[in-house]
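Read through the structure below, which is laid out as structure tokens, and then see the notes.
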Amino acid sequence: MKSIFFKSAMMLAALTLMWGCSSSSDKDDEEGEIIDPPFTATSPWHTVNVPPMWQIDWTGNDQRPNWEEPVPSKYESWMIVQVQLPNLIATDVSDDDLMAIFIDDEIRGLSSKATSVTGGDEEKTYFILKTFGNPKTDSNKNISIKYYSSKLHHLFTVNNGDTFFTSEGDVGVTHDFIPPFLLGASKYPVVMYDLISFTIDPESTEGFVPHANDIVAAFVGDECRGYTTVGESLYNARVTVTVYSKAEGEQVKIRYYSVNKNAVREFDTTVETRPGTRMSQISI
């Protein structure tokens, strides 16, 4: 008989955007957010021949772990955990990758090869782990899921702080289970959410008209550390850029690509990276 000894609730950051004046600058700092002064741009729009291919460099220098299979005879039961990789790193999957599940730093499940499933126009990449445990002693313990990408030489770790429960069934089989591995990247241990609202200045926009395929990106020097498209958030509140940082205190600048202008503009104001949330404004 199989027993599930964990539950997981993962939330992805919502992407929203407001065109017009934002009231975020008047918000109290009750949630630990930092409210920044408005970003400004003194540099002109720079025309580009093709849309920018801004990407985050996930390449690391982690060594491949020497994980060993758990010994089944030590445990009373097992369950199946089917883990789907996020799209941003699924494109680099290889047969030399490893994924493991741990409880109390003890390996409980190991998978060394991914499975790709195509449905419609979308391809999904899964690791399937037979995970062992003792329900009486493991039911209230935290787990961690670790994924090593051989192509990227990068170890991603997701620690689940929820309370686990004992029940019948499997995880990720009847629903997508996508742990937020990008929030546990060894290369970028500091993750910041920059909630950016926009003010359009008619005298300085030089014909700027917002478009759903516009791109907002965060840079440290010339290295992209986060980006998002405006998308359906064009008519909503504000856009959230998840910024991946190597350390606290890195200086971040914002760049904006306009589809209608076919041009890029960089904003002069910088912010320092820190864990948590910032509130920023851009005057375009």
**OP:** Could you go through the side-chain contact (heavy atoms from CB on, under 4.5 Å) check for K253 and E266 one step at a time?
**Re:** CA-CA 7 Å; K253 281 191 174 184; E266 182 174 84; 3.8 Å; yes
Original post:
Just wondering, more than 12 heavy atoms not from K246 lying within 6.0 Å of its NZ?
Top reply: yes
Original post:
Taking only residues two or more places apart in sequence or in another chain, which ones pass side chain to side chain contact (heavy atoms under 4.5 Å, CB included) with V93?
Top reply: L85, D97, A114, T125, F127, Y147
Original post:
Is the backbone of V191 close enough, under 3.5 Å, to the side chain of R274 for a donor and an acceptor to pair up by distance?
Top reply: no
Original post:
V83 and P179: which non-hydrogen atoms are nearest, and at how many Å?
Top reply: CG1-CD, 3.5 Å
Subject >> Path from Y188 to L152 over hydrophobic side-chain contacts below 4.5 Å >> reply: yes
Original post:
Mind checking whether V216 and I196 have side chains closer than 4.5 Å, heavy atoms only?
Top reply: yes
Original post:
Should we say atom CG of D176 is surrounded by more than 12 heavy atoms from elsewhere, each under 6.0 Å from it?
Top reply: yes
**OP:** Report yes or no: does S245 contribute a side-chain atom to a donor-acceptor pair with the main-chain N or O of E248 at less than 3.5 Å?
**Re:** no
Subject >> Y148 side chain to D62 backbone, donor-acceptor under 3.5 Å >> reply: yes
Could you go through residues 66-73 and list every donor-acceptor pair under 3.5 Å that involves a side-chain atom there, pairing it with any protein atom two or more places apart or in another chain?
none

**OP:** Say whether, by atom type as modelled, one donor and one acceptor occur between the side chain of H46 and the main chain of V264 under 3.5 angstrom.
**Re:** no
Original post:
Using the benzene-type ring in the case of Trp, are the ring centres of F177 and H175 under 6.0 Å apart?
Top reply: no
Original post:
Between V158 and P180, is any pair of side-chain heavy atoms under 4.5 Å apart?
Top reply: yes
Original post:
Are any of the side-chain heavy atoms of T270 and V252 separated by less than 4.5 Å?
Top reply: no
Subject >> Distance-minimising heavy-atom pair for L110 and A100 >> reply: CD1-CB, 4.0 Å
Original post:
Atom OH of Y193 and atom CG of L183: how far apart are they, to the nearest 0.5 Å?
Top reply: 4.5 Å
Original post:
Side chains of M192 and P275: does their closest heavy-atom pair fall under 4.5 Å?
Top reply: no
**OP:** Indicate yes or no: does R255 engage D222 in a salt bridge with an N to O separation below 4.0 Å.
**Re:** yes
Original post:
Closest heavy-atom contact between S258 and W45?
Top reply: CB-CZ3, 3.8 Å
**OP:** With rounding to the nearest 0.5 Å, note down the distance linking OG in S111 to CG in L98.
**Re:** 8.5 Å
Original post:
About how many Å separate CG of L195 and OG1 of T240, when rounded to the nearest 0.5 Å?
Top reply: 3.5 Å
**OP:** First locate atom CD1 of I215, then atom OG1 of T228, and finally report the distance between them rounded to the nearest 0.5 Å.
**Re:** 9.0 Å
Subject >> In one Ile/Leu/Val/Met/Phe/Trp/Tyr side-chain cluster, 4.5 Å: V220, I254 >> reply: yes
**OP:** Starting from the C-alpha separation in whole Å, work towards a yes-or-no answer on side-chain contact (heavy atoms from CB on, under 4.5 Å) for V48 and N262.
**Re:** CA-CA 6 Å; V48 293; N262 197 29; 3.8 Å; yes
Original post:
Should the pair E76-K136 be classified as a salt bridge under the 4.0 Å nitrogen-to-oxygen rule?
Top reply: no
Original post:
Are the side chain of R225 and the backbone of Y244 linked by a donor-acceptor contact shorter than 3.5 Å?
Top reply: yes
Original post:
If you draw a 6.0 Å radius around CD in Q55, do more than 12 non-hydrogen atoms from other residues or ligands fall strictly inside?
Top reply: yes
Original post:
Got a donor-acceptor contact below 3.5 angstrom from the T273 side chain to the A247 backbone?
Top reply: yes
Subject >> Charged N-O contact under 4.0 Å between R108 and E106 >> reply: yes
**OP:** To the nearest 0.5 angstrom, please state how far the OG atom of S149 sits from the CE atom of M99.
**Re:** 10.0 Å
Subject >> Path from F181 to I101 over hydrophobic side-chain contacts below 4.5 Å >> reply: yes
Original post:
Under the 3.5 angstrom rule, does the side chain of S150 hit a backbone N or O of D96 as a donor-acceptor pair?
Top reply: yes
Original post:
Got a donor-acceptor contact below 3.5 angstrom from the T157 side chain to the K146 backbone?
Top reply: no
Subject >> Distance-minimising heavy-atom pair for V243 and A218 >> reply: CG2-CB, 3.8 Å
Original post:
How many angstroms lie between OH in Y227 and OH in Y257, if you round to the nearest 0.5 Å?
Top reply: 15.0 Å
Original post:
Cluster question for you: counting only ILVMFWY and a side-chain heavy-atom cut-off of under 4.5 Å, with indirect links fine, are L155 and I145 together?
Top reply: no
**OP:** Please answer whether the main-chain N or O of V230 pairs with a side-chain N or O of D214 as donor and acceptor at a distance below 3.5 Å.
**Re:** no
Original post:
Just by modelled atom types, is the T59 backbone N or O under 3.5 Å from a matching donor or acceptor in the K187 side chain?
Top reply: yes
Original post:
Between W78 and I107, is there a shared hydrophobic cluster once you connect ILVMFWY residues whose side-chain heavy atoms come closer than 4.5 Å?
Top reply: no
